[in-house]
Amino acid sequence: MKKFMRHAIFYSVLIGIWALLAKLKVWPPYVFPSPQGVVESLAAGFADHSFWIAIGVSMKRMLLGYSLSVLLGMVLGLGVASNKFLEETMGGLLVSLQSLPSICWLPLAVLWFGLTEKAILFVVVMGSLLSVTIAMETGRQQMPKIYGMAGRNLGARGFRLFWHVLLPASLPYIISGLKQGWAFAWRSLISGEMIFVSLGLGQLLMMGRDLNDMSQVIAVMILIIAIGYIVDGLVFRTIERRLQQKWGLAPAT
Amino acid sequence: MTTNPISQPGFSEHRSPVRGSVTPHKSGLVPVRSNGNNGTAKLTLKNLSLTYKANGSSRLLALDGIDLKVKPGEFLCIVGPSGCGKSTLLHVIAGLQQPTAGHVLVDDNLMDGPGTDRILIFQELGLFPWLTVSENVEFGMKMKGIARAERQEKVQYYLRLVHLAQFKDSYIHQLSGGMRQRVALARALATEPDVLLMDEPFAALDAQTRDLLHDELERIWAETGRTIVFVTHNVREAVRLGDRVALFTFRPGRIKREYKVDLPRPRHLEDVTVAKSAREILDDLREEINKSLEAEYAGEVLKR
Ligand SMILES: Nc1ncnc2c1ncn2[C@@H]1O[C@H](COP(=O)(O)OP(=O)(O)OP(=O)(O)O)[C@@H](O)[C@H]1O
Ligand SMILES: [Mg+2]
């Protein structure tokens, strides 16, 4: 409760200063919109469904792209972890590729796929694939060997061994990588949508710029932050907390 | 190097505990279970050797030419100093580790890899922390494809057996060390293997619980006719439970001697006869422990 109060005070003061600066008209409103203006933009955006549509389109791309990259990352990561040669060669390559901002894949994607949905999915996948792969690889290495042995001892083989033993056993080690992958995918998607205009939150952001509508720009930025935060805070933190409680890694609250 | 001096001094309550004064009956001992020496063995180890690659180029001969036969329904205990290769041997029998040489046979069939006919209770237990107690116990049956209703029934039965029925929905980290050992026991028993391999399963139990589980294990063994290979540090425990006790040498791991335990069941850990027999094995074991300590000490000196 105390923590909540501190947050409430902090944000009230922040918005208060913002409102004051806007009221004093230090900068013209089209450069520095008032909080009321942004709230009105938000309300209008949701009222005429344009925000809902943009969120829907962006989330659909995210879910598709992220699921694809988790699947691919699992296969790649486990493959790399299972082979000494691959681990040395591919492992190194993957780490070095991670320094490439995923939006750099966009020109390539456009040349390959044209200005299609596939191109943007490609960028999203490339944005998160590497962190998921690396997470799977390290998870597989850090996971105590005893679980795999116990699973085989009790008759688990092949896919069932993977699904019932290796995957759950490595989950605590890969969950942070999966979370990071989601964050990267989200960023890649928004940048992709900004450049490659076809619906979505990123496009809404650029539309605000084109219309010189600063309130809308801020409103969409707040939306992007909020969605990222909600997914991170609600989905991934909940999974993490559950895992920690089950495994006894953290005291149950 | 395959000669394993199988001496059978015959532990019976009549004989004196001093080994030298025993009249050696070669096979005049009454086998605890009927099954002559030439009957088919449940488990046969043929010239089993295993070399570990230690750090760098040095190698460690953990098992050296182990020849062993375990009869169907026999309770074999293995004792030996720490680090002599007991766990390694069980891993090899369970098919989780490939021997460098030699074979493992079950019912005269060559084994290659793990199977639910041989279930190992790991020294580290290897319980699954992401599953509840009952899901852990259920796991082997699930992998065997046993129907859900039957699984649930058996889970209940075996959890009651190890006195953990109230903890069926707990997660592993919520249990004490001794409770975890009991979960591991229930998980192995529930899978209902022909051969049960146990690696110091009762090490973390208090005396009362251990006594209780000794009785239960003995009862289950008698009822189901399962073959058990039981590794322990505790010689008394070995004599309390085993039909036969095999003593391992320290590095390389070989079978130094075998002792037939010919005491009537039920036995108790506190029985004078058990203590007498244990003392004899203990004398031999102490020799090996001293060797292991010497080796350790020599290593320390060399490192300096
Ligand atoms: N993975 C491994 N790599 C290298 N050496 C190993 C490995 N596992 C075991 N060893 C060595 O093999 C020897 C036998 O180990 P093992 O675990 O079988 O002993 P143990 O008889 O079960 O001992 P304890 O009674 O302490 O459990 C030890 O000296 C150990 O150092
Ligand atoms: Mg051991």
Side-chain angles (χ1 to χ4, degrees), chain A residues 70 74 78 82-85 87 135-136 138-179 236-253, chain B residues 87-88 90-98 112-133 135-146 151 169-176 180 183-184 186-193 195-199:
Chain A
V70 168
M74 269 183 191
L78 293 182
S82 66
N83 186 305
K84 252 237 148 70
F85 175 77
E87 196 184 314
M136 287 306 273
T138 49
R140 186 63 199 275
Q141 286 160 350
Q142 287 175 350
M143 180 195 86
K145 297 275 173 294
I146 182 81
Y147 298 128
M149 285 209 286
R152 291 199 296 143
N153 178 43
L154 291 164
R157 298 274 179 288
F159 178 74
R160 270 146 60 92
L161 182 68
F162 169 75
W163 185 251
H164 290 291
V165 180
L166 299 182
L167 189 62
S170 55
L171 214 50
Y173 305 94
I174 61 182
I175 184 71
S176 61
L178 291 180
K179 195 166 105 175
F236 282 101
R237 290 249 175 92
T238 310
I239 297 176
E240 256 175 339
R241 214 176 28 243
R242 285 249 179 90
L243 270 178
Q244 286 177 338
Q245 281 173 10
K246 261 192 191 185
W247 284 65
L249 299 172
T253 40
Chain B
S87 296
T88 305
L90 289 194
H91 279 112
V92 171
I93 298 174
L96 296 167
Q97 244 171 307
Q98 283 295 322
D112 179 27
T116 41
D117 54 339
R118 291 150 288 147
I119 295 292
L120 167 63
I121 301 178
F122 293 88
Q123 190 168 13
E124 319 82 317
L125 303 184
L127 295 169
F128 299 140
W130 60 91
L131 299 178
T132 62
V133 166
E135 285 165 344
N136 262 285
V137 175
E138 193 184 6
F139 191 89
M141 291 189 277
K142 201 163 147 187
M143 292 302 122
K144 276 169 85 176
I146 290 169
R151 283 194 327 242
D169 295 322
S170 302
Y171 284 98
I172 303 307
H173 74 95
Q174 297 167 319
L175 307 179
S176 73
R180 285 175 209 190
V183 176
R187 179 171 79 169
L189 288 174
T191 315
E192 309 200 324
V195 180
L196 190 56
L197 308 165
M198 308 174 79
D199 200 348

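Order of the sequence lines sets the chain letters (A, B, ...), proteins ahead of strands, with each chain counted from 1.
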Original post:
Hey, what do you get for CD (Q245(A)) to NE2 (H173(B)), rounding to the nearest 0.5 Å?
Top reply: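 Going from the CD atom of Q245(A) to the NE2 atom of H173(B) covers 8.0 Å.
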**OP:** Find the distance between CG (L131(B)) and NZ (K246(A)) and round it off to the nearest 0.5 Å.
**Re:**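 Result: 7.0 Å between the selected atoms.
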**OP:** Decide yes or no for R157(A) and P114(B): does some side-chain heavy atom of the first lie under 4.5 Å from some side-chain heavy atom of the second?
**Re:**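 Contact flag for R157(A)/P114(B) side chains = yes.
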Subject >> Side-chain heavy atoms of H164(A) within contact of F139(B), under 4.5 Å >> reply: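 In short, these two side chains touch, coming nearer than 4.5 Å.
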Subject >> Pair listing, salt bridge (Lys or Arg N to Asp or Glu O under 4.0 Å) test, anchored in residues 158-179 of chain A, at least two apart >> reply: K179(A)-E240(A)
**OP:** Would you mind telling me which of W130(B), F128(B), F122(B) has the largest number of heavy-atom pairs within less than 4.5 Å of chain A?
**Re:**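 Among the listed options, the one with the most contacts to chain A is W130(B).
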Subject >> Heavy-atom pairs under 4.5 Å with chain A, option from K144(B), K142(B), M141(B) with the top count >> reply: K142(B)
Can you see which heavy atom on [X] is nearest to which on [Y], and at what distance?
X       : Y       : answer
L127(B) : Y147(A) : O-CE2, 3.3 Å
G126(B) : A150(A) : O-CB, 3.5 Å
N153(A) : R118(B) : OD1-O, 3.5 Å
M149(A) : H91(B)  : CE-NE2, 3.8 Å

Original post:
When only heavy atoms count and the cut-off is under 4.5 Å, which of residues 165-173 of chain A reach chain B?
Top reply: V165(A), P168(A), A169(A)
